[in-house]
Amino acid sequence: MKRGVFISSVVTVLLLLTLSVSSADTWKNNRLNKYDSKLSAYYDSSVANFGYIGAYDDARAKWGGISSDVSISKTTSTSNNPDKYYIGTTSSPTLLGMMIPYSKTSTGYIYEATIDEDWLYGTVRMYYDNIGKYKMGYSEIVSNAVHEIGHSVKLAHPGQGTLSKTPVPPGQESVMNQGIQSIGPQSYDKKELIKKWGN
């Protein structure tokens, strides 16, 4: 009897380990572009007007080199539905940024998508009024941009994914945590990106 319980326990543990390795703390489905995770970013004029080109450039670069299947280049054209980056204001007193996904119907109608749909493109926004209110430094602004761009590649806040809910292990950090930080993608974030898109 003890041997049967032991074997059953080992099988259960192996099954749980397999499930946790095969799924990530990400949202379901993919992007509708031809290459899924080979993205382009178009900067709205507000990015230059408020002086955030460098912050967005540095944030995009921080997602490079983690997965050979993920890249975010910059484009000056809105053709082919690139992600669109903005700087603006918000009425929410604590919101620092937001990523809103969009999708397209079979008839061509573009609409705000849910997190688990296939996305055509996303809008990445940072709010300079709250960034100023909290006196955020450059590294904190870049970290905030890294966080929002992370959402554009379907990374969720830790523990809030719809494929699984993977918390950040004790002693580790994640740029996908909410709040003011001054970090780039951490080992947790890199593992989640690779689980979603491949190495």
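Keep in mind the model is a prediction, meaning the values are calculated, not measured. All values below were derived from every heavy atom in this structure, side-chain atoms included, with hydrogens, water molecules and symmetry-related copies excluded.
Contact annotation: the side chain of Tyr85 never approaches that of Tyr52 to less than 4.5 Å [non-hydrogen atoms, C-beta and beyond]. Between Glu117 and Pro101 the shortest side-chain heavy-atom distance does not fall below 4.5 Å. In this structure, the side chains of Lys133 and Pro93 come closer than 4.5 Å at one or more pairs of heavy atoms. At a threshold of 4.5 Å between non-hydrogen side-chain atoms, the residues Val153 and Lys196 do not count as touching. Between Leu193 and Pro185, every side-chain heavy-atom pair lies at or beyond the 4.5 Å cut-off.
Between Pro82 and Thr78, the shortest heavy-atom contact is CD-O, 3.3 Å. Between Val168 and Gln172, the shortest heavy-atom distance links the atoms CG1-O, 3.3 Å. Summarising the geometry of Asn177 relative to Pro158, their closest heavy-atom pair is OD1-CG, 3.3 Å, with the distance given to 0.1 Å. Closest approach of Arg60 to Tyr43, counting heavy atoms only: NE-OH, 2.9 Å. Heavy atoms only, all atoms of each residue included: Asp129 and Gly88 are closest at OD1-O, 4.0 Å. Considering every non-hydrogen atom in both Ile141 and Met126, the closest pair reads O-SD, 3.7 Å.
Side chain of Tyr56 to main chain of Tyr86: a donor-acceptor pair is present (N/O by atom type, distance under 3.5 Å, no hydrogens or angles). Without hydrogens or angle criteria, Asp189 side chain to Val175 main chain gives a donor-acceptor distance under 3.5 Å. A donor-acceptor pair is defined here as one N or O able to donate and one able to accept, closer than 3.5 Å; no such pair exists between the side chain of Trp197 and the backbone of Glu192.
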| Are Asn80 and Ser40 close enough, and set up right, to give a side-chain contact (heavy atoms from CB on, under 4.5 Å), and what steps lead you there? | CA-CA 9 Å; Asn80 299 316; Ser40 295; over 6 Å; no
| said: Please determine whether side-chain contact (heavy atoms from CB on, under 4.5 Å) holds for the pair Gln186 and Ser174, giving the CA-CA distance in whole Å, both sets of side-chain angles, and the decisive distance to 0.1 Å. | reply: CA-CA 6 Å; Gln186 302 296 293; Ser174 170; 5.6 Å; no
| Check against side-chain contact (heavy atoms from CB on, under 4.5 Å), Trp63 and Leu155 | CA-CA 12 Å; Trp63 285 113; Leu155 294 183; 3.4 Å; yes
| field | From CA spacing to verdict: side-chain contact (heavy atoms from CB on, under 4.5 Å), Tyr111, Ser103 | value | CA-CA 6 Å; Tyr111 63 95; Ser103 195; 3.6 Å; yes
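Taking OG from Ser143 and CG from Asp58, the interatomic distance works out to 12.0 Å, rounded to the nearest 0.5 Å. Remark: His147 NE2 to Ile183 CD1 distance equals 10.5 Å, nearest 0.5 Å. Here Ser73 contributes atom OG and Leu39 contributes atom CG; the two are 8.0 Å apart, rounded to the nearest 0.5 Å. Atom CG of residue Asn81 and atom CD1 of residue Ile110 lie 5.5 Å apart, to the nearest 0.5 angstrom. Here Met99 contributes atom CE and Arg125 contributes atom CZ; the two are 11.0 Å apart, rounded to the nearest 0.5 Å. Once rounded to the nearest 0.5 Å, the distance linking OG1 of Thr123 with CD of Glu148 reads 10.0 Å.
A side-chain donor from one of Ser46 and Asp44 sits under 3.5 Å from a side-chain acceptor of the other. For the residue pair Ser77 / Thr75, no side-chain donor-acceptor distance below 3.5 Å is found, with atom types taken as modelled.
The only option from Thr90, Asn144, Ile180 that meets the side-chain contact (heavy atoms from CB on, under 4.5 Å) definition with Asn130 turns out to be Thr90.
By the criterion of side-chain heavy atoms lying less than 4.5 angstrom apart, applied directly or through intervening Ile, Leu, Val, Met, Phe, Trp or Tyr residues, Tyr121 is not grouped with Tyr42; the two fall into different hydrophobic clusters.
By the 6.0 Å contact criterion, NZ on Lys62 is open, its count of non-hydrogen atoms from other residues, nucleotides or ligands being 12 or less.
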